[in-house]
2 protein chains.
Amino acid sequence: MGASETRQQIVDVADRLFYERGFEATSFADIARDAGLSRGNFYYHFKTKDEILAAVIGGRVEKTRAILEAWARNADSPADRIRSFVHILITNRTRIMAHGCPVGTLCNELAKLDHAAKEDAARLFSLFRDWLARQFAMLGREADADALALHLLMRSQGVAVLATAFRDEAFIYREVSDMEAWLQTQCPATSLSRSRQSV
Amino acid sequence: MGASETRQQIVDVADRLFYERGFEATSFADIARDAGLSRGNFYYHFKTKDEILAAVIGGRVEKTRAILEAWARNADSPADRIRSFVHILITNRTRIMAHGCPVGTLCNELAKLDHAAKEDAARLFSLFRDWLARQFAMLGREADADALALHLLMRSQGVAVLATAFRDEAFIYREVSDMEAWLQTQCPATSLSRSRQSV
DNA sequence: CCAGAATTAGGACAAATGTCCTACAGCGCG
DNA sequence: CGCGCTGTAGGACATTTGTCCTAATTCTGG
């Protein structure tokens, strides 16, 4: 077994457990067990828990970049791209209702721990923020593109938190529709923006 | 020293630490040290960590009830009462940027731990939800009062998450203004609703 | 002032934690 | 073959965790 494959598997398992249970609540033993490794072997690949966290965050950054690029490829209009973002709430609704948003909950936890990696985690938000701002700028909203991006990010985070607390699927669908309606009001002049309006 | 005072002090310290560091990351020893008690004395008052959590949540429920009643007393119009809710984002902005919303982050953590008390924590949200819904109903929105309440709760949670991640005070003020503007559009017929419009 | 209850201090305890070490298995290369 | 390197296993280590016990102290009613 190559070292890089084992390493990748550790990161994958840690990524999942950090999301499902949280960073603090996940132990070395948990990751080793789920990955089918001894704790000693584990140490060969990662010296500290913070090293794993850094690898997990790094992996999420890459995955996020790939997703954003895919959305940009598969949607022609900026409005449709923004809708792709909004729709992850529906695509991932089951996992969100169980464990919240992977980015938001990690940032919250690292902020409370005052962990050194909290800024790195927040950079995951920045990826979405900058990408969304670019889409809004393309819609002619250069002046307030960043504010609009933050607003949409804010909404999706709020939906994730309440969806977790109340486990209410209908609420998610309702708020996603509301976000799409809001999107319409923000870029009314764009002809392409009505191509995929409803849920 | 009476037992009830000591008990109350334990709950106060635990409440603060659960908020600032999180439930899992706070140990018996942490609470005992900050409260100036021995771990043995601690055990006299609370047998398990879950008992403290239950007491902390119970205390927060009472404090929340008191706050909601105070808002109802001090504001004559439902619109002003709702604005009182929106403004906690500004009042508590420093603590929110450091540790997030006390309710949202606790619900998220307990959901991840699949803790037995997660529904009790979510009941804190329900207090705000029902109270807000009553205000919207008084504004003549009986039909969708609960949806409007959830929407506002969603926004405040989203603001809290992003404010923590980015530590952006201006963002909070901007979104609070936006919420107030939204409020105006939701109850345009009410004359009292313009009595305290801006931040 | 004193018996008994209420409250506190100071550990004991096993289990789990993050970290680290040593020994061994499998492999390619001389 | 045998040397050395990479990867793995298994456990040692001190510390901390939640939980629990016992002995001392403080308080209170008679």
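Note on naming: letters A, B, ... go to the chains in the order of the sequence lines (proteins, then strands), and numbering restarts at 1 for each one. Keep in mind that this is a model prediction, so the values were computed, not measured.
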Pairs under 3.5 Å (N/O, protein and nucleotides 11-15 of chain D):
residue	atom	partner	partner atom	Å
dA12(D)	N6	Arg39(A)	NH2	2.8

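Judged purely by atom type and a 3.5 angstrom limit, Lys49(A) uses its side chain to pair as donor or acceptor with the backbone of Thr26(A). Between the side chain of Gln135(B) and the main chain of Arg81(B), no donor-acceptor pair closer than 3.5 Å is present. Looking only at distances, a side-chain donor or acceptor of Thr164(B) sits under 3.5 Å from a matching main-chain atom of Ile96(B). Put simply, the side chain of Tyr19(B) never gets that close to the backbone of Val103(B): no donor and acceptor are under 3.5 Å apart.
Axis deviation across the helix from dC1(C)-dG30(D) to dG30(C)-dC1(D) amounts to 10°, comparing end segments of five pairs, rounded to 10 degrees.
Atom CZ in Phe42(B) sits about 19 Å away from atom C1' in dA6(C), given to the nearest Å. Computed from coordinates, the Lys47(A) NZ to dT19(C) P distance equals 12 Å when rounded to whole Å.
Listed by residue number, there are no residues of residues 23-32 of chain A with a heavy-atom contact under 4.0 Å to DNA chain D. Scanning residues 7-19 of chain A for heavy-atom distances under 4.0 Å to DNA chain D yields an empty list. Contacts between residues 49-60 of chain B and DNA chain C, defined by a heavy-atom separation under 4.0 Å, are absent.
The side chain of Asn41(B) places an N or O atom within less than 4.0 Å of a non-bridging phosphate oxygen (OP1 or OP2) of dA9(C). Of the side-chain N and O atoms in Thr6(A), one or more sit less than 4.0 angstrom from OP1 or OP2 of dT8(D). Tyr44(A) has a side-chain polar atom (N or O) that falls below the 4.0 Å cut-off from OP1 or OP2 of dG7(D).
Applying the ring pair (Phe, Tyr, Trp, His ring centres under 6.0 Å) test to residues at least two apart or on different chains, the pairs with a partner in residues 129-150 of chain B are Trp71(B)-Trp131(B). Applying the salt bridge (Lys or Arg N to Asp or Glu O under 4.0 Å) rule to pairs touching residues 27-38 of chain A yields Arg16(A)-Asp34(A), Arg21(A)-Asp30(A), Asp30(A)-Arg33(A), sequence neighbours excluded. The salt bridge (Lys or Arg N to Asp or Glu O under 4.0 Å) analysis of residues 121-131 of chain A, with sequence neighbours excluded, yields the pairs Asp120(A)-Arg123(A), Arg129(A)-Asp146(A).
By the salt bridge (charged side-chain N to carboxylate O under 4.0 Å, His left out) test, Lys118(A) is found to be paired with Asp114(A), residues two or more places apart in sequence or in another chain being considered. For Ala116(A), the side chain to side chain contact (heavy atoms under 4.5 Å, CB included) criterion is met by no residue, not counting sequence neighbours. For Arg174(B), the side chain to side chain contact (heavy atoms under 4.5 Å, CB included) criterion is met by Ala147(A), Leu150(A), Phe171(B), not counting sequence neighbours.
Here the side chain of Tyr43(B) is nearest to one of dT8(D), dT8(C), dC20(D), namely dC20(D).
In this structure, the separation between CG on Leu113(B) and NE2 on His99(A) is 10.5 Å, given to the nearest 0.5 Å.
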Evaluate the criterion side chain to side chain contact (heavy atoms under 4.5 Å, CB included) for residue pair Ile31(A) and Phe46(A); output intermediate values, then yes/no.
-> CA-CA 12 Å; Ile31(A) 304 172; Phe46(A) 294 98; over 6 Å; no

Pair Thr105(B)-Val161(B), side chain to side chain contact (heavy atoms under 4.5 Å, CB included): steps then yes or no = CA-CA 9 Å; Thr105(B) 54; Val161(B) 172; over 6 Å; no

Only pairs under 3.5 Å count here: list side-chain donor-acceptor contacts from residues 36-44 of chain A, not counting sequence neighbours, and write none if there are none.
residue	atom	partner	partner atom	Å
Ser38(A)	OG	Asn41(A)	N	3.2

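Using cut-offs of 30° and 60° for the angle between ring planes, the His115(B) and Phe23(B) rings count as perpendicular.
A side-chain donor-acceptor contact under 3.5 Å links Arg155(B) and His151(B).
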